[in-house]
Amino acid sequence: MTINAIETTAGGRRVLLLRPDVSQPVRCGIDLVAAAAHARETGGAIYLLLDGESMPVSVDGVPVITPHGVQRLWLSAVWRTASAAKDVRAWWRHLETSVAHEWRRELRRHIGDDQLPLELRQRLRTLAEASTRRGRTETSAFPRRMLRASSAVSLLPDFVEEARSQLTALGITDGRPLVTFESRTRPDIAAAVMELLVSEGYAVARIGEPADGVRSCDGVVDLTTSSRPLSLEMFLVYASAFIMCESIDLQQLAYLVNTPSLVINARDPFVAYPLRKNGLFALSAAIDLEAAQPITIGDMLTQPYFRDLHKQQVRGRRRGSHGYRDNTVEELTEAIKEMRAGIADGWASESESQSRFRQRVVEAGTALAPISAHVAEWGPDDGFIGDGRLVRFQADRVS
Amino acid sequence: MSKILFVMLHPGFIRYYEGAIQMLAASGHEVNLAFEVSRDKLGEDVTAQRLAASAPNIRCEPAPDRTESVRDFLVRSDRDAVRTGDERRARSDQDAWESLATTVRLIEDYLRFFEPQFRNASTLRARVEKRLPRVYPQLLGAATRPAAARRIIRAALRKIEAIIPTVDGIDNFLRERNPDLLLVTPLIELGSQQVDYVKSARKLGIRSALCVASWDNLTSKGLIRVLPDHVIVWNEAQAQEATALHGVPPDRITVTGSQTFDRWFAMRPSRSREDFCRTVGLDPRRPYVLYTGSSVFIAPDEVPFTERWLTALRYSNIPHVTQLGALIRPHPANSRQWYAFDSAAFPNTAIWPQVGTDPNSPGFKEDFFDSVYYSAGVVGINTSAQIEASILGRPIFTVRSPEFAHGQEGTLHFQYLVGDGGVVRVATSLAEHVKQLDSGLEADPGRDERNREFVRRFVRPHGLDQPATPIFAQAVDAILQLGPSAPRPDPLWVRACRVPGRSLAGAALALAEGRPGWVYLVRQPMSLAIQTAALGYRLSDQWQEHGRPAIKRMRRAAWRSWYESSRWLGQRWHRSKKKLLRVTREARGTARRLVRLR
């Protein structure tokens, strides 16, 4: 299992222990949905070790128990022991990786010495490669398969009631269908999209980072400047007809409450690929800054692209070899149209090009996973990348 | 006439001194330019060639190679770099001393950014820390915080700097060139190796001077670790920085003004406004604002901000601002990111010059001048283009933005633009900026006066009508008049300290790799094991090559001799047997005949 849960037994039956970290609600949500899927499969139960307030959710078909008294003490001890063991394993793994890395560097110092016999250098090279393999960090893959089925998680009625009244106070009423919009996109595009949504009859709740220069319009409630609890954000997503977002956290929050999601300006086809049928994503236009040329979506599934992305994101390189252009208003209009059509017809039909693109993502992910930790984490889970789709106009372009 | 040796980090520094060098050459001095590293990213080598061709007494050449350059030092400490063959290269004493020098200088630069003036400069501090092998920031730890501890560490580092010997190659280079004056720039690069030129010049009795090339040099980079005889700066502000931050005695400082901006006072537009607007793709009927891009350090990702800026302009409710044209001028060394900018998405907006234009191409400077000259105002994050705009009396604006905090509040030189006496109007939001544009683009005698005062103070401290280039040349002449300085050989204690200092240098060389301690412990046994294995392989090779064939030959010879001898014996035996049989047969016949006769 790649979720943050511990499998144990309590009262003679198999249970999954979860200790939700409320500071990371999205991670908690994903863990809960995946644990529920696992518990449903094994016929077990979920035990929640809550430190503070309770989670405002219930899971259909799976008993979710909050232990008390001696049982809580015992399960807390089990959790702590298992967590400590996990930490020790992680520490040992890190040490092993570090030693393997340094060992490889030492070996490589000698491999290039042409005074040494060729056979010895070849032998050293083999040793260095073996050391590289040993030193490869283990990645916990995003549990795509476990999250595939629509989660049977629902919000507790008391919480719904309270959250609804809070939203009403913020100016969001039940009158019109709601779209939650989160974007760091160009302010002019964001404004045009929000206007479009309003003209289509939606109420728009704008969340995320407050951005200088974004103008507002009637029908849009700007929640970027007001502070709000994360649970309210969860309700906002729950109450929305669909969400439009850039951040993957929000997309994952949508998995928790089964809200259709449209991810825009995505730069990474693996991370953004939606798990469920009601998910769409649109890729940014990537520009190769060396060649001053746009690259194709196919190029965004190759190793050089991910190497550059990794350098930018993980190694903190301030400039990569790729620049990005946000999705245009026309593209987003198309995407919204597709989202509305999908919601209306229950995502029944799927084009040939869409299936081909999915297959291509799976193949690229399978090929890249052994050499890229990032793809190993976010890529296909045992051949499954997701049931969602790339927006039609891009999918048609790929094939 | 005198010989001047001007050591520059790379040919890109020529642009700051081109006019001054030509003026010195025109007055009969022989000017020799030496570049520590070659660079042609922005066509700097072309500038060097052009300068060398402009006068017979200007020569350009590479400076002597260093065995352990700062670049090598940094590459070696890169944990992710994979190199082969390091083991083969024997490390010399010189490598070790140079490693120690770079280490000491980088630590000093690192400590600098813990001083109270740099409390907002966390990114500058991080920039040095990234270059230092990890062990040093860990070792320094909390000792970087108290001022007294920093003073003690710095004093110790200065002592170590003193015992680092001069580089033979540089000593020889200076002896060969035998200059009357050594000029160096920029000297303050992080971990700079130019310090060794100043040290060699002191030892050989050659007068030396640091030419401060740019307005941020004394505040955003490293320290002047070994003081040259003279320091030539732009203005009083830099003179104060040199004294307060680098410990340069005021009597060594000469203020000349900024020769690099002289041409901005003399230039005139190269075409009419209509022609210019038509060329760049703006509506000539509308005024435009010029957005000047900043350097990589200040604004690594400037495009999203510019898009927000343009949106704020285009969708402001102020018609005067909405209809403004927008001309974007990428920073020549940070232009690549602008390939991702779609200027067509915004009306009456253009990028000029086109991204990737060679800064040495004809008309590049004129284009820049025209862009500023015809603009109604100039906007930028933090860039020297804002100084150029002040020379032309344009209203100048900036917007404080969180993503650029490190390049605005996090640098001291930004204060010259926006602090007391600064000429840049600062907004804390785009909405405020739009209002400033609305009110600030009109003619304003008060602003013109502020601009003039700023330029007089910052760019031409000797008077607005006094070009800085001749003053710089005169300053160099005046230094030459002083004659050579007395050679200052190393004192006895310094030479005595070099013996134990060698181990320190060796340690610095090893630690520069930034590897964990156990690596150094296993390195020797591992090398020994590999050499032993190599011996085994060599013996095996020898055996395969000579031993086995010899044995084979011997075996074959033995076989052959046995075979030959046995065959010979067989034949002999056969023959003898035949003979014996014949004899026996004959004897038997003879016997029979004798019996028959009887």
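Just so it is clear: chains get the letters A, B, ... in the order the sequence lines come, proteins before strands, and each one is counted from 1.
Scanning both residues, Ala340(B) and Leu289(A), for their nearest heavy atoms gives N-CD2, 4.3 Å. Residues Thr311(B) and Pro187(A) share a closest heavy-atom pair of CG2-CB, 3.7 Å. The heavy-atom pair separating Ile530(B) from Leu120(A) by the smallest distance is O-CD2, 3.6 Å.
Neither the backbone nor the side chain of Arg121(A) comes within less than 4.5 Å of any heavy atom of chain B. When heavy atoms are compared at a cutoff of 4.5 Å, Trp518(B) approaches chain A solely by way of its side chain, counted from C-beta outward. Proximity to chain B (any heavy atom under 4.5 Å) is shown, for Leu107(A), by both the backbone and the side chain.
For the atom pair OH (Tyr520(B)) and CD (Glu106(A)), the distance works out to 9.0 Å, reported to the nearest 0.5 Å. The CZ atom of Arg515(B) lies 7.5 Å from the NE2 atom of His101(A); values are rounded to the nearest 0.5 Å.
Two residues are said to be in side-chain contact when any heavy atoms from C-beta on lie closer than 4.5 Å; Ser540(B) and Glu119(A) fail this criterion. Residues Asp188(A) and Arg314(B) are not in side-chain contact: their nearest non-hydrogen atoms beyond the backbone lie 4.5 Å or more apart. Tyr537(B) is not listed as a side-chain neighbour of Leu118(A), based on a closest heavy-atom distance of 4.5 Å or more. Counting heavy atoms from C-beta on, the side chains of Trp103(A) and Met526(B) come closer than 4.5 Å.
When the heavy atoms of residues 346-354 of chain B are compared with those of chain A, the residues falling under 4.5 Å are Phe346(B), listed by number.
For the pair Arg186(A) (side chain) and Glu307(B) (backbone), a donor-acceptor distance under 3.5 Å is absent. Arg538(B) places no side-chain N or O within donor-acceptor distance of the main-chain N or O of Pro117(A), the cut-off being under 3.5 Å.
Between Arg105(A) and Glu513(B) there is no salt bridge, since none of the side-chain N atoms of the basic residue sits less than 4.0 Å from a carboxylate O of the acidic one.
In Asn317(B), the CG atom is not crowded: 12 or fewer heavy atoms of neighbouring residues, nucleotides or ligands sit closer than 6.0 Å. Arg127(B) CZ: more than 12 foreign heavy atoms inside a 6.0 Å radius. Around atom NE2 of His320(B), more than 12 heavy atoms belonging to other residues, nucleotides or ligands sit under 6.0 Å away.
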